[in-house]
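Let me begin by presenting the structure, written as C-alpha cells, before commenting on it.
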Amino acid sequence: MIEIPSKYDPSIVEDKWYKYWMEHNFFHSEPDEREPYTIVIPPPNVTGVLHMGHMLNNTIQDILVRRARMQGKNACWVPGTDHASIATEAKVVDKLRKEGISKDSLTRDEFLAHAWEWTDKHGGIILEQLKKLGASCDWERTCFTMDKIRSESVIKVFVDLYNKGYIYRGVRMVNWDPAAKTALSDEEVNHKEEKSKLYYVRYKIEGTADEYVTVATTRPETILGDTAVCVNPNDDRFRHLVGKKVFVPLVNRLVPIIADEYVDMEFGTGCLKITPAHDINDYEIGLRHHLEVIDTFNDDGTLSEKAQLLVGVDRFEARKQIIPMLEAAGNLVKIEDYNNKVGYSERTDVPIEPKLSAQWFLKMGDITKPAATAVENDEIKFYPAKFKNLYRHWMENIKDWCISRQLWWGHRIPVYYLADGSFVVADCEENALEQARRKTGNNQLTIKDLRQDEDVLDTWASSWLWPISVFDGINNPDNKEINYYYPTNDLVTAPEIIFFWVARMIIAGYEYRGNLPFKNVYFTGIVRDQQRRKMSKSLGNSPDPLDLIAKYGADGVRVGMLFCSPAGNDILFDESLTEQGRNFSSKIWNSFRLINGWEVDPSIPQPEHSKLGIEWFKAKLSEVIVTMDDHFDKYRLNDALMTIYNTIRDEFSGWLLEIIKPAYQQPIDAKTFQEVSELFDEVLRLLHPFMPFISEEIWQLLKERKHGDSIMISEWPKPVANQEVICEKFELIKEAITGIRAIRKEKDIANKEHLKLFIVAGEKGFIPEYNPILLKMGNLSELEVTDKEVDGAMSFRVNTSAFYIPLGDVVNLEDEILKIEEELKYTIGFLESVKKKTGNERFMSSAPAQVVELERKKQTDAEEKIKMLEERLVSFKSSMS
RNA sequence: GGGAGCUUAGCUCAGUUGGUUCAGAGCAUCUGCCUUACAAGCAGAGGGUCGAUGGUUCGAACCCAUCAGUUCCCA
C-alpha cells in the first residue's frame, strides 16, 4: 500500500508526467517498419493565443494520436504555426502606429524587420500552451509556414504552376479592403445586414425636353462612374426606351439604355444604373454589353480624378455630399429606408469596395478535378458526411483563386518585371536574371534591371501545401519521410475553413503527390456560449483555457469539452462541463484509493462472489472495447468517451468494486487483488487518450513499473470474443439486486439490515450460480429456492422468476396484488400488440425471417410471464381469504 | 434571390438498409441516504402524441409530398 493524497491534484501530476513524456521522447517519430499514423496540426496563427476552439480541436487530435500510438502504429503529430499574412501584418501595423510609426514611412525591409521581431517575441506561445493541454505533438518537427523549407516550397510551387499555365495575371473585380489596401478572397468577406437608404435618381433622356428614367440605388456616389442604364428586355414599361441615351446626372455624360435579363423588374423602378467599375454584377453586364469602365475611386476609398467631382473625398462622405448636389440639379426623386447586406473585411472590418485591379490568379479548372472526385468517391471521408454536399457544391461552382495580396508580410511573389513591363517567373534572383537575359537576348542585364512584384501570396497559398511541406515533399519529392508519412491519416479542423484550406489541400495533394493529403476529415463544431453566441475576445464570453486548466486540470477540461461535442455540431460550452470532467477525475482517483488501501492476505482463498464478479467484468470489458473501437472507427469520440465514462462509474466502481470489496478492515485475497489490478490497468488504458494525465498517474501507482515505462506506449486493449452470454446473465442479477434495493427503499429498511430472500424459480430470470453475488449485494442472510407461496412478503419479478422478501406485518397484501395486476395488465397489452403482428398473414409472409422469429419469441415469453403472474395472483388471493 | 441542413425529454444530442419488451444517453429536476473509497458521492424516480398535416407500407422517429419554424453557406 502506497501513501497517496485523498484528493487528486492535477496541477502537480500533469506537469510531472508531461515532463516525463518529453524526457523519454515518447512524442517523437521516425520512419520505421511500423504502420504510420500521421496528423498535421491546423497551424494556428503564429502570434495568436490559445482559445477554446484550439482546445477542442487539439484535444480531438491528441485523442486520435494517443490511441493510434497505443495500437502500435508509428504515430506522428506534426505541430507548427501559420504566418497569417493579413492578421499578423495588421497587428504589427497597429503596434507601430501606437509607437508613432506609420507603415508608409518604412521601407519593405524595415517593416519586415519589425514583423520578424514581433513574430520572434510572440511566436510559438500558443505551442507552449498546447503542452499544458497534454498535446503529444512531435515538437522536434515544429514547422512555420515562413521558415526556409516551407517558403522555398511555396515559391517553387508558384513557379511550377505558372510554368504549367495555371497562373495568370488578370484584371478582375476583387474585394478591395480600403483600410488594408489589399484584395481579399470572397471567403474573407463577411456580409452584414444594414439599415441604409434607397435613393431614387432620375436621368434625363437625350433629345427630350422633360423625359426621364428613374433608377434606384444604394450608392449614389458611384453615379459619377455610370456608363449605362439597364432595363429588363421583357419589361413593357421601358421597351421603347432601349437604344436611346440618357445623361448621367451632374457630369452629363451621355450613356446608352441597354436591356439585360439580369434586371429584376420588381425591384425599385425596374431601371438599373450600371457602374462597371464598382459593382460585380454591373461589371459582368458591362462585359456583355462592351461598356466603358470608369474607375472613380482611389485605393484608399476616396474619389479619384476620374470622378470629376468630389475628388479626394472619402466614399461615405461623398455619399452624404452628393445628395444635396443631386437635389439641386433636380435629379433626386425620393429617398426610402432600405435594408441591405454589405460586405465587410474579415480582417479590418471596413466595408469592402468592389474594385478592378490587377491580381494574380490560379485557374481552378482541371487542377480541381481529382479533388472533387476523391471526396465524391469517399476516398477522402468527411465526418460528419453532410459536409460532402457543401464541398461538392463549392467545387462545382469554384472560381479562380486570387492569390496575390497587397501586403509585405508573407511570401513575395516570384515575378520579376523588366523595364518594358514584361516579366519572368523564377524561384530566385539568379534564375530570374538568367531567364531575363535569355528572353531579351541582352546579356548585359543585371539584377538591378529587374523589379520583383511588390505583392505577397495569400496565406492559404502556403498552408494548402502543409501536409506535404512539413515533410519537405515539395523540395525533395522522393525523400524518406514524405514517402513514409504521406498521405496523412486524419485532419481535424473547423467547417468554416473547408474551402479556404481543406479543399485546397486536397487539390494540392493530388497535384503535387498524385495522392490524397489525408484519408479522413473530422469537422469540429464552433465553440459557443450558452446563448449560442460564438466565443470571441470582443464579446468577452470566452474563458481563458489556461485558467480552466488551472482550475479543473487538463484532463477535466478535455473531457468536459468532449462531453458536448458530437462531430460537426457546435458545442455549447459551459464551465459546468469541465466541472463534470473534474468530478470524473475524482471518481477515478477514489476508485484507485479504495483498491490501494486494501491489505492483501495471500492465505485466504478467493470468494465465489469475487470470482464471478471478475469473470463478468472481463466479459463486460470485451463488450466495452468492441463498442469503443466501433465509435472510434466512426469518429464518434464523444460516444467513445461516454462509453468509458459509464464503464468506470457504473460497471467498474459501482458493481465490480462493490462485489469484491472485503468487509470493513478485512484483507482481500491475493487472486482477486491481482485480477482487479489488471482490469483497472486495462480500463485506464481505454481512458488514456481522453485523460492522459490521471490515467498515467494511477497506472504508474498501480504496480511497480520499469523505468521509462508509460501507459502512453502500452497496448490498446483487445476484446475477447463471445462474451455476450455472461453479460446477459449478469444483467438479470443486477435486476434482482435492484428489486431488493427498491423494496428496502419502499419500506425504509437500512442497507445494513440483513434480509431473507425466497425465490420461486421460473424458466427464466434466475441463475443459481450467481447466488453468491445476490447474497452479498443484496445483503441477504439467507436465500432459499422454493415452489411455495411466501406469506407476508414483498415481491418482485425478473422475467418469469418471482422473488420474495418476507417482512411480516409491514406487508400490505392488497398493494402486492395491485402491483401484480398492473404488471399483468401491461404484459397482456404487450402480448396483444405482438399477436397483432404474428396474426397478420402479410407480416408473417413479408417480414424477414429474423424479425418473425423475434416476434414469436416475444409472444412465448409474454405468454409464460402471464401464466406466472396469474398463478401468483391466484395464490395471493387465496392466502388473503 | 439560389443552395444545403436542422426540428426527438427542461437543455445538448444518439437513434446505423423502416421491424427486439409500447423511443435512448449525458446534464438538469425530484425523492431518499453524511452506507467505513468517493456528498466532486450513492440508491432511485419522473419527464417525449419524435415540428404540423397528408401519403407509401403488414409495420414509419426513419421513406415521399406539402406546410411551419430555424441555422448556415452563396449572391
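Remember, it's a predicted structure, so these values are computed and weren't measured experimentally. Protein chains get the first letters and strands the later ones, always in sequence-line order, with residue 1 at the start of each.
- At a cut-off of 3.5 angstrom, counting only N and O atoms as typed in the model, there is a donor on one side and an acceptor on the other between the side-chain of A:Glu658 and the base of B:rA37.
- The separation between A:Glu396 atom CD and B:rG2 atom C1' is 14 Å, rounded to whole Å.
- Nearest to the side chain of A:Asn389, among B:rA40, B:rC38, B:rA4, sits B:rA4.
- Counting any heavy atom pair closer than 4.0 Å across all strands shown, A:Arg741 reaches sugar-phosphate atoms only and no base atom.
- Position along RNA chain B of the nearest nucleotide to A:Ile737 versus A:Lys661 favours A:Lys661 as the more 5'-ward residue.
- Per the geometry, NE2 belonging to A:His631 stands 10 Å off C1' belonging to B:rA25, to the nearest Å.
- Under 4.0 Å is where a charged nitrogen must lie from a carboxylate oxygen, and between A:Lys620 and A:Glu724 no such pair does.
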Walk me through it: do A:Asn779 and A:Asn751 pass the test side chain to side chain contact (heavy atoms under 4.5 Å, CB included)?
CA-CA 7 Å; A:Asn779 198 16; A:Asn751 289 333; 5.7 Å; no
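- Distance A:Leu577 CG to B:rA25 P: 19 Å, rounded to the nearest Å.
- The C1' atoms of B:rU8 and B:rC73 are separated by 26 Å, rounded to the nearest whole Å.
- As a whole-Å value, the separation of A:Phe382 CZ from B:rA4 P is 18 Å.
- Take A:Glu575 and apply the salt bridge (Lys or Arg N to Asp or Glu O under 4.0 Å) test, not counting sequence neighbours, and it matches A:Lys551.
- When heavy atoms are screened at a 4.0 angstrom cut-off, A:Gln665 is found touching no nucleic acid atom at all.
- The phosphate of B:rG41 has neither OP1 nor OP2 within less than 4.0 Å of any side-chain N or O from A:Lys587.
- Atom CE of A:Met561 is separated from atom P of B:rG26 by 21 Å (rounded to the nearest Å).
- A cation-pi arrangement is found for A:Arg741 relative to A:Trp655, the charged atom lying closer than 6.0 Å to the ring centre and inside a 45° cone about the ring normal.
- Shown here, B:rU56 forms no base pair; nothing in the strands shown gives a Watson-Crick or G-U wobble contact with both key distances under 3.5 Å.
- The C1' atoms of B:rU49 and B:rG26 are separated by 25 Å, rounded to the nearest whole Å.
- In terms of polar N and O atoms assigned as donor or acceptor, the side chain of A:Lys745 comes within less than 3.5 Å of the base of B:rU31 in a complementary pairing.
- A close approach under 4.0 Å does not occur between any side-chain nitrogen or oxygen of A:Asn596 and OP1 or OP2 of B:rA37.
- The side chain of A:Asp639 sits closest to B:rA14 out of B:rC27, B:rA43, B:rA14.
- Distances were taken from every side-chain heavy atom of A:Ser653 (C-beta onward) to each of B:rC27, B:rA14, B:rA37; the shortest belongs to B:rA37.
- The A:Tyr826 side chain lies nearest to B:rC22 when the options are B:rU16, B:rC73, B:rC22.
- In this structure, B:rU16 forms no base pair with any nucleotide, since neither Watson-Crick nor G-U wobble geometry is met with both distances under 3.5 Å.
- Residue A:Lys857 is out of contact with every strand shown, counting any heavy-atom pair closer than 4.0 Å.
- Atom OH in A:Tyr664 sits about 15 Å away from atom C1' in B:rC38, given to the nearest Å.
- Remark: the A:Gln580 side chain and the A:Tyr645 side chain contain an N/O donor-acceptor pair separated by less than 3.5 Å.
- Across all strands shown, B:rC33 pairs with B:rG41; the Watson-Crick or G-U wobble distances both stay below 3.5 Å.
- Comparing B:rC50 with B:rA45, their C1' atoms are spaced 23 Å from each other, to the whole Å.
- Within the nucleic acid shown, A:Asn751 comes within 4.0 Å of at least one base atom, counting heavy atoms only.
- Of the listed nucleotides (B:rG44, B:rC38, B:rA25), B:rG44 has the atom at the smallest distance from the side chain of A:Thr738.
- In this structure, A:Glu855 atom CD and B:rC22 atom C1' are separated by 12 Å, rounded to whole Å.
- Under 4.0 angstrom from either OP1 or OP2 of B:rC74 there lies no side-chain N or O belonging to A:Arg392.
- Heavy atoms of A:Phe584 sit nowhere under 4.0 angstrom from any nucleic acid atom.
- Of all nucleotides listed (B:rA14, B:rG26, B:rC38), B:rG26 comes nearest to the side chain of A:Gln580.
- Listed nucleotides: B:rA14, B:rG26, B:rA40. Nearest to the side chain of A:Arg636: B:rA14.
- As rounded to the nearest Å, B:rC34 and B:rG46 have P atoms that lie 23 Å from one another.
- Each of A:Asp639, A:Asp633, A:Asn638 was checked for a side-chain hydrogen bond (donor to acceptor under 3.5 Å, both in side chains) with A:Arg636, and the lone residue meeting it is A:Asp639.
- Atom C1' of B:rU16 sits at a distance of 25 Å from the matching atom of B:rG55, rounded to the whole Å.
- Whole-Å rounding puts the A:Arg593 CZ to B:rU36 P distance at 13 Å.
- B:rC22 is unpaired under the criterion used here, namely a Watson-Crick or G-U wobble arrangement in which both key atom distances are under 3.5 Å.
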Would you please test A:Glu855 and A:Phe843 for side chain to side chain contact (heavy atoms under 4.5 Å, CB included) and show each step?
CA-CA 11 Å; A:Glu855 292 301 320; A:Phe843 170 78; 3.7 Å; yes
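- Comparing the C1' positions of B:rC27 and B:rA40 gives a spacing of 15 Å, expressed to the nearest Å.
- Annotation: of the two residues near RNA chain B, A:Asn646 and A:Leu657, the 5′-most nearest-nucleotide partner is A:Asn646.
- Of all nucleotides present, only B:rG69 satisfies the Watson-Crick or G-U wobble test against B:rC6, with each distance under 3.5 Å.
- Here the closest non-hydrogen pair linking A:Trp460 and A:Ile497 is CH2-CG2, 4.0 Å.
- At a threshold of 4.0 angstrom between heavy atoms, the contacts of A:Asp861 include nucleobase atoms, whether or not backbone atoms are also involved.
- Closest to the A:Lys399 side chain, of the nucleotides B:rA75, B:rA25, B:rA4, is B:rA75.
- The side chain of A:Asn590 lies closest to B:rC38, out of B:rC38, B:rA25, B:rU31.
- The side chain of A:Ser591 approaches B:rA37 more closely than any other nucleotide in the set B:rC73, B:rA40, B:rA37.
- Of the side-chain N and O atoms in A:Tyr391, none sit less than 4.0 angstrom from OP1 or OP2 of B:rC74.
- Rounded to whole Å, the C1' atom of B:rC62 lies 14 Å from the corresponding atom of B:rU7.
- Residue contacts shown for A:Arg856 are absent, as no nucleic acid heavy atom lies under 4.0 Å away.
- A distance of about 14 Å separates the P atoms of B:rG59 and B:rG19, rounded to the whole Å.
- If you run ring-ring contact (aromatic ring centres under 6.0 Å, His included) between A:Phe382 and each of A:Phe523, A:Tyr635, A:Phe387, only A:Phe523 comes through.
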